Number of protein chains: 2
Amino acid sequence: MKIILDGMGGDHAPDAIIEGAVQAIAMLKESDEICITGPEALIREKLRKYGYHGKRITICDAPDVITNEEAPVMAVRSKKESSIVKGLNLVKHGEGDVFISAGSTGALLAGGLLILGRVKGIDRPTLAAVYPVLGGLPPSLITDAGANAECRARNLFEFAVMGSIYMEKVMNRPNPTVGLVNLGTEKEKGTTLTKDAYALLERSDLNFIGNIETRELQSAVCDVIVTDGFTGNACIKLSEGIGLTVLRLAKDMFMTSPKTKLAALMMKDQLSDLKRQLDYKEYGGAPVLGLNKALLKMHGSSDALAVQQTIMKAVPYVEEGVVETIAEALGNRARTLRDEEKSAEQEEQSEQKKEEE
Amino acid sequence: MKIILDGMGGDHAPDAIIEGAVQAIAMLKESDEICITGPEALIREKLRKYGYHGKRITICDAPDVITNEEAPVMAVRSKKESSIVKGLNLVKHGEGDVFISAGSTGALLAGGLLILGRVKGIDRPTLAAVYPVLGGLPPSLITDAGANAECRARNLFEFAVMGSIYMEKVMNRPNPTVGLVNLGTEKEKGTTLTKDAYALLERSDLNFIGNIETRELQSAVCDVIVTDGFTGNACIKLSEGIGLTVLRLAKDMFMTSPKTKLAALMMKDQLSDLKRQLDYKEYGGAPVLGLNKALLKMHGSSDALAVQQTIMKAVPYVEEGVVETIAEALGNRARTLRDEEKSAEQEEQSEQKKEEE
């Protein structure tokens with residue numbers, strides 16, 4: 001397989017990207033390749049810097065860069081020579097199997113829709129993020145993570161289907177459990193959106209466990225956390241903020257006095273383990289699901305390790321056929337959904353008739 | 001002043017409630033009184049147990065209890081002899097200045113609306129919660145904390161006004177800053193709701209600092225955090241969940257081996273400080289703002305210390321005239337808002353006319 005990697009995305013590009021690619025190429029199968037998009041001379045120089053002289057990492061010259069500050073749709077439309085647009089086009093035309101970028105989320109989502117296109121039958125693709133759970137429990141997937149701030153019940157249902165497929169195929173979680181974020185666990189709680197989504201999820205063949213409260217997210221309460229993008233985004237960023245604050249406080253705590261500094265030395269292993277757990281970077285890639293091709297968004301602050309890990313996650317994403325499975329499942333399910341909506345409408349109409357009679 | 005206290009609300013009632021009341025009465029002014037609602041014999045027995053024999057704590061017999069499992073409106077309507085309904089009625093009829101309860105949030109909100117009534121000119125009262133910030137920074141107030149899952153822009157605006165008044169009067173935060181929770185800090189980001197609320201807040205005389213991301217909540221980014229009740233509830237419960245998880249992990253970390261146990265002993269003071277910071281109970285009461293009387297909701301897991309602290313917070317809530325100030329401010333502002341809406345409508349109509357011409 002051929003992985004297309006945005007050489008210019010994220011806070012530590014191009015260095016962290018190239019270093020991560022060089023690490024990953026040594027771990028990938030002999031037949032796998034990486035193609036990096038970005039200004040050719042610069043990328044070449046960085047490849048040399050990180051000691052790569054092989055032929056399995058190639059460069060696709062893209063002199064332009066889309067920044068986080070630019071209006072996404074406009075940027076994607078006008079900057080044809082940018083590392084993001086070039087990368088997406090390579091994947092679109094079959095010259096790559098997946099595009100990975102730590103660049104502007106907005107540009108990637110807009111570019112994903114405009115260039116790769118959405119799977120037929122799906123209303124809205126979703127940005128799904130791996131939600132890290134502390135204490136060694138397996139991470140959950142949260143969908144939507146911020147691509148769709150305003151949702152209909154149908155969207156949440158589709159997020160659940162796509163998230164379940166990703167968890168099963170990429171994260172090896174057979175028959176993944178699905179939970180719906182709500183104000184309380186009782187079925188009748190929440191907004192019109194959560195009530196309608198609950199009804200759709202309950203009727204589906206997903207492994208739906210009902211409503212969940214965010215208090216339980218850290219207990220790995222379910223494999224797939226379903227919510228609208230506004231709430232999902234708030235949860236992810238809040239967790240990140242608290243994680244960083246706890247790390248800072250722990251550091252201060254251990255630096256208080258010679259005695260606490262000694263204690264820190266005695267706890268060295270445990271502390272580096274805690275740091276690793278609270279460090280969001282390591283979990284890497286967030287897939288954009290519901291597009292015609294595989295797309296992985298990395299955190300803007302990704303370091304070389306995060307880049308390497310995301311590249312490794314791209315392998316099952318492509319090889320297990322996540323995109324194709326989603327197209328198949330949601331093609332069918334979308335039909336079922338339409339049928340159900342139709343029959344619900346008909347039922348309503350016949351009830352109205354009865355009432356009128 | 002006279003504080004009415006629900007003797008039967010919360011996980012540790014009546015013991016924690018009575019113990020907290022006994023602690024508080026020693027700290028209150030000589031002229032202040034506490035009246036506890038609940039089954040008279042039981043409350044009397046507990047007062048004896050916690051060594052109170054004075055006359056400033058009285059009992060209002062309320063043999064019935066509303067549980068968390070009951071449908072709130074129905075419970076409030078049918079259980080006239082419950083500690084919540086009796087307490088609210090005492091405050092309504094001027095026989096108390098504030099009602100404090102750790103009981104069912106739903107019943108308190110429903111009872112607040114049905115019995116105390118909403119301030120004229122306000123669309124929706126709000127449950128505002130003190131959001132603890134780690135590392136010794138001053139806590140913020142988050143409004144709405146879950147009473148209003150679905151909001152209009154006008155509601156968010158009113159939450160901001162009421163929250164600002166509470167922070168200024170009760171938490172001694174002059175000219176409190178107001179931030180709007182959003183997906184990003186840029187003005188044009190977000191949903192229809194956040195964009196409309198942004199416009200209202202921007203035009204107001206509040207100390208509005210713009211959009212905030214939840215990543216910043218732990219940095220005490222603003223005094224009043226404004227958001228819809230669904231997001232607010234998610235943020236509070238998530239913070240609580242992460243806090244508990246971090247505490248559990250820290251405990252495990254220090255119990256790993258004889259060496260780490262020794263380290264824990266060396267860090268005793270710092271650890272108990274961290275525990276105190278991560279412990280939500282201490283921050284206590286969440287005011288319900290926008291009602292005709294003062295109402296404080298305590299966390300269900302409140303212990304005696306939380307009860308005592310909430311009682312002490314009730315003093316400025318009443319004495320600084322929060323309820324009256326809100327009525328005054330939102331009476332005026334509601335008028336301004338209506339005028340603005342009218343003039344916006346007129347503008348639109350005249351523009352349409354121009355276009356037609």
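From a predicted model like this one, the values you see are computed outputs, not experimental measurements. Throughout, protein chains are lettered first and strands after them, A, B, ... in sequence-line order, and every chain is numbered starting at 1.
Interface remark: B/Asn182 contributes backbone and side-chain atoms alike to the contact with chain A (heavy atom separation under 4.5 Å). In this structure, chain B has a heavy atom under 4.5 Å from the side chain of A/Thr245, while its backbone stays farther away. For A/Leu217, the part sitting under 4.5 Å from any heavy atom of chain B is the side chain, from C-beta outward, and nothing else. There is no contact between A/Asp269 and chain B, counting heavy-atom distances below 4.5 Å. Heavy atoms of A/Leu134 lying under 4.5 Å from chain B belong to its backbone as well as its side chain. Heavy-atom distances place the side chain of A/Thr194, and not its backbone, under 4.5 Å from chain B.
Here the CE-CE distance, from B/Met267 to A/Met267, works out to 8.0 Å after rounding to the nearest 0.5 Å. Here B/Lys189 contributes atom NZ and A/Asn233 contributes atom CG; the two are 8.0 Å apart, rounded to the nearest 0.5 Å.
In terms of heavy-atom pairs under 4.5 angstrom with chain B, the leader among A/Ser219, A/Ala234, A/Ala149 is A/Ala234. With respect to chain B, the highest number of heavy-atom pairs below 4.5 Å among A/Thr191, A/Leu265, A/Thr227 belongs to A/Thr191.
Side-chain atoms of A/Met266 and B/Leu262, non-hydrogen and from C-beta on, do get closer than 4.5 Å to each other. Counting heavy atoms from C-beta outward, A/Thr260 and B/Gln270 have side chains that approach closer than 4.5 Å. Between A/Gln218 and B/Leu244, every side-chain heavy-atom pair lies at or beyond the 4.5 Å cut-off. The shortest distance between side-chain heavy atoms of B/Leu193 and A/Phe230 does not fall below 4.5 Å.
A/Lys237 places a side-chain N or O within donor-acceptor distance of the main-chain N or O of B/Leu183, the cut-off being under 3.5 Å.
In plain terms, the two heavy atoms of B/Thr192 and A/Glu150 that are nearest each other are OG1-OE2, 3.0 Å. In plain terms, the two heavy atoms of A/Leu238 and B/Ser239 that are nearest each other are CD2-OG, 3.5 Å.
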Report the C-alpha separation of B/Leu271 and A/Met253 in whole Å, then their side-chain angles, then the decisive distance to 0.1 Å, and conclude whether the side chain to side chain contact (heavy atoms under 4.5 Å, CB included) test is met. CA-CA 8 Å; B/Leu271 285 176; A/Met253 198 172 89; 3.7 Å; yes
